[in-house]
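Below: one structure, written as structure tokens.
Please read these numbers as outputs of a predicted model, since none were measured by experiment.
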Amino acid sequence: SSLVLAGVQPSRAASSPGWRIVLSQHYPQPSGLADSEYDTVAAPAANDAWVFGGTSPAGGHPVAEHWNGTHWSAAALPAGLTGSIAAASASSPSNVWAVSNIGGWVLHWNGARWSVALQLPLSTGYPVDFTGVTAIGRKNVWVFGGVLAGVTNLVGYGTWHFDGTKWTHVQGEGRNI
């Protein structure tokens, strides 16, 4: 499968409203399976947007495409990542965050390159399943996680907060934070 992104360009909105295809991309998998998908978008500016996904949620690798206001291009993510990007958030064009649905990866774009900001260990023997990220600013990022769908009787990975220096696992059950 492949992704088709559609949108309305503001300059065209008045004369021809509606959706149009702006990107259609297929990433073949090394294993020969034909599954690729995009799952999330972060757009910190009208001329700056990111779309994320992967070649396969379980056995592939994450992918990212970047819109610079003129064209889409594949973005280089750190080597060795697994899974797919499940969620993304941006507080500015130089503060974009993305999380993997398998592998426990938290990625950060600083305006020039992607880096691994956090990778949680497989303490339960099951891959970490991050489900969300919210970037309020460079010193205020929240990551939310759980365990893989269908896996029962396991405690989720919970909520993590980045204060610009360190990550803290927030033990929020029954507490207001």
Side-chain angles (χ1 to χ4, degrees), residues 1 3 5 25 27 29 31 33 35-44 48-66 74-111 113-177:
S1 66
L3 166 80
L5 289 176
Q25 176 69 38
Y27 286 95
Q29 292 191 71
S31 64
L33 299 174
D35 185 20
S36 63
E37 64 188 29
Y38 287 110
D39 296 311
T40 190
V41 174
D48 191 0
W50 293 88
V51 61
F52 303 92
T55 59
S56 172
H61 63 275
V63 295
E65 295 277 342
H66 182 241
L77 295 174
L81 302 178
T82 57
S84 179
I85 302 296
S89 181
S91 65
S92 74
S94 62
N95 191 46
V96 182
W97 295 80
V99 296
S100 69
N101 68 340
I102 297 176
W105 305 102
V106 178
L107 306 177
H108 180 242
W109 171 258
N110 66 4
R113 69 177 186 90
W114 284 98
S115 63
V116 174
L118 176 68
Q119 202 263 327
L120 293 181
L122 304 178
S123 61
T124 64
Y126 291 93
V128 174
D129 184 12
F130 281 129
T131 56
V133 58
T134 300
I136 298 166
R138 288 190 181 280
K139 296 180 178 183
N140 195 357
V141 179
W142 294 86
V143 173
F144 311 95
V147 294
L148 290 175
V151 176
T152 59
N153 301 322
L154 291 176
V155 175
Y157 283 88
T159 301
W160 293 81
H161 181 252
F162 181 64
D163 66 6
T165 304
K166 67 181 183 316
W167 287 95
T168 303
H169 188 205
V170 178
Q171 304 292 329
E173 291 185 64
R175 291 185 358 193
N176 291 327
I177 55 170

Legend entry - Audit row: W160, V106, side-chain contact (heavy atoms from CB on, under 4.5 Å) steps and yes/no: CA-CA 10 Å; W160 293 81; V106 178; over 6 Å; no
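Contact between P44 and V96 at its shortest, heavy atoms only, is CG-CG2, 4.4 Å. Contact between H161 and N140 at its shortest, heavy atoms only, is NE2-OD1, 2.9 Å. In terms of heavy atoms, A49 sits closest to H66 at O-CD2, 3.3 Å. For the residue pair E65 and A74, the shortest heavy atom distance occurs at OE1-N, 3.2 Å.
Not a single donor-acceptor pair under 3.5 Å links the side chain of W109 to the backbone N or O of A98.
When side chains are defined from C-beta on, D39 counts as touching S84, because their heavy atoms get closer than 4.5 Å. Looking at V143 and F162, their side chains never come closer than 4.5 Å, going by heavy atoms from C-beta outward. In this structure, K139 and T165 have side chains that are not in contact, with every pair of non-hydrogen atoms separated by 4.5 Å or more.
Taking OG1 of T40 as the reference point, atom CZ of F52 lies at 7.5 Å (rounded to 0.5 Å). Note that CG of D48 is 9.0 Å distant from OG of S94, once rounded to the nearest 0.5 Å. Taking CH2 of W105 as the reference point, atom CH2 of W114 lies at 14.5 Å (rounded to 0.5 Å).
Under the side chain to side chain donor-acceptor pair (under 3.5 Å) criterion, W97 pairs with N95, sequence neighbours left out.
Residue pairs meeting the salt bridge (Lys or Arg N to Asp or Glu O under 4.0 Å) criterion with at least one member in residues 162-171, sequence neighbours excluded: D163-K166.
Between I85 and the options L107, V133, V63, N101, a side-chain contact (heavy atoms from CB on, under 4.5 Å) holds for only L107.
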